[in-house]
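From a predicted model like this one, the values you see are computed outputs, not experimental measurements.
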Amino acid sequence: MKFKKLKIEGVYLISPQPFKDSRGLFRRHFCSSEFSNFNIDKNVKQSNLSENKFKGTLRGFHYQTYPFQEAKTLSCIKGEIYDVVVDLRKKSKTYKKWLSVILNDKNKASIHIPKGCANAFLTLKNKSVIHYYCSQIYNPRFEKGIRFDDPVFKFKWPIKPKIISKKDRNHNNYRDL
């Protein structure tokens with residue numbers, strides 16, 4: 001696995017080094033020792049699969065607060081997504097900064113999101129499937145979110161989000177939290 005440090009501390013783009021032969025392809029998706037080499041939280045307490053029927057589906061921005069803060073590692077195993085990470089750690093040099101990456105079934109890359117950052121993704125293809133590992137168990141009492149169109153952050157989306165849950169549409173703007 002190759003780990004590329006991105007512009008927000010603790011965020012990594014992880015590219016597999018697949019083994020191919022006549023049977024197909026094999027790749028490692030998670031390795032606790034390799035994650036440890038980059039000080040990435042290697043605890044996996046929950047694994048989730050997000051199946052999205054339609055292009056233009058937006059999920060997020062989601063995060064959990066103390067003591068249920070979570071790190072996540074996301075991969076798009078089918079289709080394509082535009083993934084956005086925003087740093088909400090007040091003591092971070094990149095506080096309120098955000099970055100985006102394209103994850104799809106061709107590049108087979110993953111993104112690691114550290115505790116204290118929020119995440120959202122927008123599907124760019126129909127039938128997109130996202131798998132993610134979480135370092136913490138989901139606890140709805142500690143779940144928070146921010147709006148995908150929050151004017152504080154001025155997020156740029158490659159296509160207009162079309163399908164957004166009521167919960168995600170009703171998140172507060174960050175300055176109102």
Test item: [X] side-chain N/O and [Y] main-chain N/O as donor-acceptor pair under 3.5 Å:
X    : Y   : answer
N52  : T57 : no
D41  : A71 : no
Q17  : M1  : yes
T123 : F54 : yes

For K42 and S36, run side-chain hydrogen bond (donor to acceptor under 3.5 Å, both in side chains): C-alpha distance rounded to whole Å, both residues' side-chain angles, the deciding distance at 0.1 Å, then the answer.
CA-CA 7 Å; K42 62 185 186 221; S36 291; 3.1 Å; yes
Is there a side-chain contact between K96 and V86, using heavy atoms and a 4.5 Å cut-off?
no
K108, NZ atom: more than 12 neighbouring heavy atoms under 6.0 Å:
yes
Should we count CD of E34 as having more than 12 external heavy atoms under 6.0 Å?
yes
Residues T73, H112; criterion side-chain hydrogen bond (donor to acceptor under 3.5 Å, both in side chains); working and verdict
CA-CA 4 Å; T73 302; H112 177 77; 2.8 Å; yes
Basic-acidic side-chain contact under 4.0 Å: E143, K167:
yes
Would D168 and R59 pass as an ion pair if we require N to O under 4.0 Å?
no
If I compare all heavy atoms of [X] with all of [Y], which pair ends up nearest, and what's the gap?
X    : Y    : answer
L103 : D83  : CD1-CB, 4.4 Å
I111 : L99  : CD1-CD1, 4.2 Å
C134 : N48  : SG-ND2, 3.5 Å
L74  : F121 : CD2-CD2, 4.1 Å

Is the distance from the ring center of [X] to that of [Y] below 6.0 Å?
X    : Y    : answer
F148 : F155 : no
F3   : F35  : yes
F30  : Y133 : yes

Regarding D87 and T94, is there a side-chain donor-to-acceptor distance under 3.5 Å anywhere?
yes
Which distance, rounded to the nearest 0.5 Å, do you find between the CG of L13 and the CD1 of I102?
11.0 Å
